[in-house]
Amino acid sequence: MRPPLLIANWKMNMFREEAKAYCQELHSALVQSPSLAKRVAWILIPPLTALDILKPFQKGLYSLGAQNCHWEKGGAYTGEISPFMLADVGCRYVIAGHSERRMHFGESDEVVGRKVATIVEAGLVPILCIGEQWAERERGETLQKIERQLLEGLRGVKKGGEMVVAYEPVWAIGSGKTPSAEEIADIHRAIRQILCAKFSPAWGNQASVVYGGSVHSQNAAQFASRPEVNGFLVGGASLKVKEFLAIAGAFRWRVPAKS
Ligand code: PGA
C-alpha cells in the first residue's frame, strides 16, 4: 500500500532564511522519528526562489515540486518556466490548475490541460487541482464542474503514469470552512470513477486523489480516516513545521508503507 501524500503548497511565502530554518526543523523531526517520516510521502512545493535551499536537506526524506509551469518545452515566453526546466532542477511534482491561478491569472481548462500534458511529457507528476465555487455547490453543480475540469485537464495525457488529483473546493481554500468528511469521500469516489472510465481501471485505481482546502491539525484526522482520501494538499497550515507534522500524525491509523 502506498503511503498517503502530504503536500505543502507554500504559495508566495517564505524568504530563503525562513525556508532554511523550516527545513532544518523538518529534517531533524523526520530523522528523529523514522515512523513519522514513513507515515506519508512528504512533498514540499516552495516558491522557486527557495528550491535550492530545500535540496540539501532532502536526503530521501521528501520530494520537491513547483506551483506552476508553462505548457511549452521552451521558447520566447518571458518570465515563464517549462516543466522540462523544473525536472532539470530536481522537481518531481508540478501543481496545475490551482484555483488561485484560474482566478487571478485567468487560466482556462484548456490552458490547464496543456500544462498537464507537458508536465507528463517531461516525466513529472502533475497535481491537477479541481473544485467547485460556493455558488456552483449551492446550485448542485459540483459533480458536473469536477467532471469537466478533470476531463479537460487530462485531455492531452496519452500515457498513464503517476497522477495526483487534488479536490479543492474553491470556497474552502484559506477560509477555514470545509465540506464534511462524508462529502469529501463521495467526491473522491466520483473522481476515481471518472478516472477509471476515461483511462483504464488499473490506471484510475492507482492515481492519488488528495483533498485540499483549510486542512489543519485539528480537522485532518476526520478526513484522513476516510480511505478515499489519499493525502492532503495543505496551504496555510504547511507553513509551520509543527502544524505540518501534526497533520501527518492524522494518518497514524494507516498501515505504514514497507520501505
Ligand atoms: P489552504 O490552501 O490550506 O490555505 O486552504 C490550500 C491550497 O490552496 O492548496
Side-chain angles (χ1 to χ4, degrees), residues 4-14 18-19 22 26 40-48 50 54 62-69 86 91-107 112 115-116 119 125-134 136-137 142 145-146 149-150 153 163-181 183-184 187-188 191 207-224 226 229-251:
L5 309 182
L6 186 56
I7 310 167
N9 174 14
W10 288 0
K11 308 192 181 187
M12 199 171 71
N13 293 295
M14 293 274 205
E18 297 171 290
Y22 184 107
L26 180 68
V40 295
W42 302 83
I43 301 167
L44 299 187
I45 309 199
L48 291 178
L54 273 64
Y62 52 79
S63 306
L64 294 172
Q67 299 172 13
N68 181 37
C69 66
L86 294 172
C91 288
R92 168 147 181 74
Y93 294 86
V94 189
I95 296 176
H98 191 282
S99 66
E100 285 153 15
R101 296 217 53 91
R102 295 180 191 262
M103 198 161 39
H104 302 304
F105 303 95
E107 284 190 13
V112 174
K115 291 185 178 195
V116 169
I119 292 166
V125 182
I127 300 173
L128 171 62
C129 297
I130 58 175
E132 81 285 1
Q133 308 265 0
W134 179 259
E136 291 164 331
R137 174 186 159 101
T142 300
K145 172 77 177 283
I146 277 163
Q149 288 185 325
L150 206 48
M163 162 72 60
V164 183
V165 175
Y167 170 52
E168 298 209 299
V170 179
W171 52 273
I173 294 175
S175 66
K177 292 187 225 141
T178 65
S180 68
E183 286 172 302
I184 292 172
I187 305 271
H188 282 212
I191 290 171
S208 297
V209 184
V210 305
Y211 170 74
S214 294
V215 174
H216 53 72
S217 60
Q218 301 305 306
N219 64 11
Q222 51 173 305
F223 306 138
R226 306 299 308 232
V229 175
N230 308 138
F232 295 130
L233 175 50
V234 188
S238 74
L239 295 170
K240 296 264 179 296
V241 175
K242 285 191 178 54
E243 181 70 5
F244 197 48
L245 292 168
I247 293 171
F251 288 103

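One-based numbering, in listed order, for ligands and for the atoms of each. Nothing fancy with the numbering, it's 1 onward along the sequence.
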Here the gap from Phe244 atom CZ to Ile7 atom CD1, rounded to the nearest 0.5 Å, amounts to 8.5 Å

Please work out which of the three classes, parallel, tilted or perpendicular, describes the rings of Tyr22 and Trp10, given edges at 30° and 60°.
-> perpendicular

For the side chain of Asn230 and the backbone of Val164, is there at least one donor-acceptor N/O pair under 3.5 Å apart?
-> no

Sequence neighbours left out, what passes side-chain hydrogen bond (donor to acceptor under 3.5 Å, both in side chains) with Ser217? Give chain and number order.
-> Glu243

Those residues at least two apart in sequence (or on a different chain) that pass ring-ring contact (aromatic ring centres under 6.0 Å, His included) with Tyr62 are none

Excluding sequence neighbours, so at least two apart, what forms salt bridge (Lys or Arg N to Asp or Glu O under 4.0 Å) with Glu107?
-> Arg101, Lys115

Please tabulate, line by line, the atom pairs linking an N/O of ligand 1 to a protein N/O at a distance below 3.5 Å, with the distance in Å to 0.1, or answer 'none'.
unit_1: ligand 1; atom_1: 2 (O); unit_2: Lys11; atom_2: NZ; d: 3.3
unit_1: ligand 1; atom_1: 3 (O); unit_2: Gly235; atom_2: N; d: 2.8
unit_1: ligand 1; atom_1: 4 (O); unit_2: Gly236; atom_2: N; d: 2.8
unit_1: ligand 1; atom_1: 5 (O); unit_2: Gly174; atom_2: N; d: 2.7
unit_1: ligand 1; atom_1: 5 (O); unit_2: Ser214; atom_2: N; d: 2.8
unit_1: ligand 1; atom_1: 8 (O); unit_2: Lys11; atom_2: NZ; d: 2.7
unit_1: ligand 1; atom_1: 8 (O); unit_2: His98; atom_2: NE2; d: 2.7
unit_1: ligand 1; atom_1: 9 (O); unit_2: His98; atom_2: NE2; d: 3.2
unit_1: ligand 1; atom_1: 9 (O); unit_2: Glu168; atom_2: OE1; d: 3.3
unit_1: ligand 1; atom_1: 9 (O); unit_2: Glu168; atom_2: OE2; d: 2.7

